[in-house]
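What follows is a set of notes on a single structure, which appears directly below.
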Amino acid sequence: MTITTFLSGRSTPQIAAALLGTKLVLQTSQGPISAWITETEAYLGAQDAGAHAFKNHQTNRNRALWLPAGTIYIYQMRTQYLLNLVTQPAGTPECVLIRGIEPASGLTQLQHNRPVPLANLTNGPGKLMQALGLDKSLNGTPLSAETLNLALTTVKQPRLVAHSARIGIVNKADWTTAPLRYFVAGNPFVSQVRKHDIDVATHGWLT
DNA sequence: CAAATGATCTACT
DNA sequence: GTAGATCATTTGG
C-alpha cells in the first residue's frame, strides 16, 4: 500500500489511530534507523482550538500544514522539535503529531544521538526527534524513501488502542477534553506512562 | 516589544 | 515518582 492510499479518504483521527504500529524509517549517513509508532495525536485544522491552523490562520511557521497529505510538518517548541504528518489534501490543514516510537533497528545510533537509558530514549515528541537526530530541515518536504518515510508493510498490531485527551491542551473549551490522543496500551515508549501499565512481555503488540 | 506556548531535566522525596 | 526550574521562537499588539 502506498502512503497516499493509506492516508486518502480517512479522517485525521482515523489516521492517527491507524498509524500506531506502522514503522518510521529514516535514512542517515550511518545507515537506516527504524521505529514503530506508539503514540499520536490528531489536530483538526481550522476548527480545532488546539491546532496551529486554528481559524485557518496561516503563518511562516505553519505553512506546511496546507501542503498535501504526506507532507512533513516540523516546528520547534522551545528547545525541542516536534514531528507531525499532514493528513489531508492540500488546503485542509490537519495533521497528526508523533509523540512516541519504539526502536526497531539502528538502536546504536539512536542511543548515540541521545545518550540516556532506553526507557527514556523515545517516549516523548521532543525526545524521539533528538534520538533520530532531526531538526526542522525536513519541514515542508514530503515523506520519501531517501529521507524520512513510513513503512506500511512491516506493521505491528496493537492489542488495544487506548485514547485520552491531548497533552498540553488547556482552556480550549471542548477541545481540551476531546479524545484525540491515541497510544498502544501497555507500550513503554509512550509519554507519561505509569509503570504498572506497561506490558513487559509484549509491549502491547499482538505480533 | 510583550505575551504565549509544552517538554524535559534536575533534584528531591 | 513528582514538583519546579529551565529552555527559544513565534505571534499579535
Side-chain angles (χ1 to χ4, degrees), chain A residues 12 16 19-20 24 26 35 37-67 71-86 93-103 107 109-141 148 162-200 203:
Chain A
T12 298
L19 281 172
L20 298 175
L24 272 182
L26 175 71
I37 296 176
T38 59
E39 179 183 2
T40 60
E41 284 179 0
Y43 285 87
L44 305 184
Q47 49 169 336
D48 181 350
H52 283 171
F54 185 46
K55 293 181 176 165
N56 256 312
H57 202 188
Q58 203 171 145
T59 66
N60 257 336
R61 176 175 64 158
N62 67 14
R63 185 152 296 130
L65 289 170
W66 279 263
L67 296 176
T71 299
I72 297 165
Y73 172 47
I74 298 173
Y75 65 92
Q76 186 168 7
M77 181 56 181
R78 300 264 207 193
T79 55
Q80 274 79 238
Y81 296 107
L82 276 66
L83 175 65
N84 301 259
L85 182 64
V86 177
E94 303 190 2
C95 68
V96 170
L97 169 66
I98 311 297
R99 290 190 53 92
I101 57 176
E102 174 171 344
L107 184 61
Q109 272 194 77
L110 291 167
Q111 288 184 311
H112 172 77
N113 291 334
R114 185 175 152 78
V116 300
L118 181 62
N120 279 322
L121 187 61
T122 54
N123 61 334
K127 297 177 184 180
L128 69 88
M129 288 295 275
Q130 257 186 42
L132 290 170
L134 292 177
D135 58 18
K136 60 183 193 299
S137 59
L138 290 177
N139 182 41
T141 68
L148 181 63
H163 56 81
S164 77
R166 293 175 294 183
I167 292 175
I169 305 293
V170 295
N171 298 328
K172 295 290 193 300
D174 288 350
W175 295 101
T176 305
T177 52
L180 294 173
R181 170 176 176 249
Y182 302 87
F183 57 97
V184 178
N187 189 280
F189 298 95
V190 167
S191 58
Q192 301 182 8
V193 275
R194 286 167 299 192
K195 207 175 239 180
H196 70 262
D197 287 338
I198 294 176
D199 184 331
V200 181
H203 287 188

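Because the structure is a prediction, the values reported are computed rather than measured. In the text below, chain A, chain B and the rest are named by the order of the sequence lines, each starting its count at 1.
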| Looking at B:dA7, B:dG6, C:dG1, which one has an atom nearest to any side-chain atom of A:I167? | B:dA7
| Main-chain N/O of A:Q111 paired with A:Q109 side-chain donor or acceptor, under 3.5 Å | no
| task | Drop me the distance from A:F189's CZ to A:F183's CZ, to the nearest 0.5 angstrom. | result | 16.0 Å
| message | Heavy atoms from C-beta onward define the side chain here; which of C:dG12, B:dT5, C:dT11 lies closest to that of A:K172? | response | B:dT5
| said: Whole angstroms only, please: what is the CD-P distance between A:Q130 and B:dA7? | reply: 14 Å
| note | In whole angstroms, the gap separating C1' of B:dA7 from OH of A:Y75 amounts to 10 Å
| message | Please tell me if A:H52 has a side-chain N or O lying less than 4.0 Å from either OP1 or OP2 of B:dT5. | response | no
| When the distance from OH of A:Y81 to C1' of C:dC7 is rounded to whole Å, what number comes out? | 13 Å
| Atom-pair distance (CD on A:Q192; P on B:dA7), nearest Å | 8 Å
| note | Ranking C:dT10, B:dC9, C:dA8 by distance to the side chain of A:R114, first place goes to B:dC9
| message | What is the distance, to the nearest angstrom, from the CG atom on A:N120 to the C1' atom on C:dG1? | response | 12 Å
| query | Checking all strands, does A:R99 fall into the base, sugar-phosphate, or nothing category for heavy-atom contacts under 4.0 angstrom? | reply | sugar-phosphate
| task | Starting from P on B:dT5, measure out to CD1 on A:I169 and report it in whole angstrom. | result | 10 Å
| Rounded to whole angstroms, how far apart are CD on A:Q80 and P on C:dT9? | 12 Å
| message | The test is side chain to side chain contact (heavy atoms under 4.5 Å, CB included); show your working for A:N56 and A:W66 and say whether it passes. | response | CA-CA 9 Å; A:N56 256 312; A:W66 279 263; 3.3 Å; yes
| Nearest to side-chain heavy atoms of A:P125, which nucleotide of B:dA7, B:dT5, C:dG1 | B:dA7
| note | Between the CG atom in A:N84 and the CD atom in A:E41, the distance rounded to the nearest 0.5 Å is 9.5 Å
| Are the side chain of A:R114 and the backbone N or O of A:L121 linked by a donor-acceptor pair below 3.5 Å? | yes
| Any idea which of C:dT9, C:dT10, C:dC7 is nearest the A:T79 side chain? | C:dC7
| message | Taking 4.0 Å as the cut-off, does a side-chain nitrogen or oxygen of A:R78 come that near to OP1 or OP2 on C:dT10? | response | no
| task | Among B:dT8, C:dT11, B:dG6, find the nucleotide with the atom closest to the side chain of A:T59. | result | C:dT11
| query | Could you state the CG-C1' distance from A:L82 to C:dA8, rounded to the nearest angstrom? | reply | 13 Å
